[in-house]
Amino acid sequence: MAIAALIGEKVLYSTVYPAIALIVTRWSLDIEALISVIVVEAVSSVMLYHVVKGRLTWDVAVIGLLGYIIYILILMHGI
């Protein structure tokens, strides 16, 4: 019962309180943050597709790494 209480506490502190903070915070994202979100969503979508199809191979990992390398290069050169 003690372990269940600890797990429940961790879940509460890692989900409910951050969700409340995200909801009540005013967001103003700059271009770097927007590009970051776009890259993460695109790479995650490709990864999820391959995981669901059961075809997660090394080339999919390379696609993920290329997405983040492109993002870093974009940030380094300034948009």
Side-chain angles (χ1 to χ4, degrees):
M1 200 156 188
I3 291 177
L6 288 173
I7 292 171
E9 177 186 356
K10 290 294 181 185
V11 169
L12 178 72
Y13 287 140
S14 65
T15 57
V16 175
Y17 297 137
I20 292 170
L22 289 171
I23 290 170
V24 300
T25 302
R26 172 170 271 166
W27 292 92
S28 71
L29 300 176
D30 55 355
I31 191 69
E32 289 85 7
L34 290 174
I35 290 173
S36 173
V37 169
I38 291 168
V39 169
V40 167
E41 291 300 319
V43 171
S44 297
S45 298
V46 171
M47 295 285 187
L48 180 63
Y49 172 78
H50 286 285
V51 167
V52 168
K53 295 294 182 182
R55 299 182 291 158
L56 189 59
T57 58
W58 65 271
D59 57 336
V60 177
V62 171
I63 291 170
L65 288 175
L66 285 176
Y68 290 109
I69 289 170
I70 291 169
Y71 169 69
I72 290 170
L73 291 174
I74 289 171
L75 288 183
M76 288 174 56
H77 290 287
I79 296 175

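Numbers here are sequence positions counted from 1. A quick note: this is a predicted structure, and the numbers were derived from the prediction, not measured.
A search for side chain to side chain donor-acceptor pair (under 3.5 Å) contacts involving Asp30 returns nothing, not counting sequence neighbours. Evaluation of the side-chain contact (heavy atoms from CB on, under 4.5 Å) rule for Trp27 yields Leu22, Thr25, Leu29 as partners, not counting sequence neighbours.
Chaining together hydrophobic side chains whose heavy atoms lie under 4.5 Å apart leaves Ile38 on its own. Met1 belongs to no hydrophobic cluster, as no Ile, Leu, Val, Met, Phe, Trp or Tyr side chain comes under 4.5 Å of its own. By the 4.5 Å side-chain criterion applied to Ile, Leu, Val, Met, Phe, Trp and Tyr, Leu65 is assigned to no cluster and stands alone.
Residues in residues 39-54 take part in these side-chain hydrogen bond (donor to acceptor under 3.5 Å, both in side chains) pairs, two or more places apart or across chains: Tyr49-Arg55. The side-chain hydrogen bond (donor to acceptor under 3.5 Å, both in side chains) pairs that include a residue from residues 58-67 are Thr57-Asp59, where partners are two or more places apart or lie in different chains.
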Report all side-chain donor-acceptor pairs from residues 6-17 shorter than 3.5 Å, counting only partners two or more places apart or in another chain.
unit_1, atom_1, unit_2, atom_2, d
Ser14, OG, Lys10, O, 2.8
Ser14, OG, Val11, O, 3.4
Thr15, OG1, Val11, O, 2.5

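In this structure, Leu66 is not a member of the same hydrophobic cluster as Val40, with clusters built from ILVMFWY side-chain heavy atoms closer than 4.5 Å.
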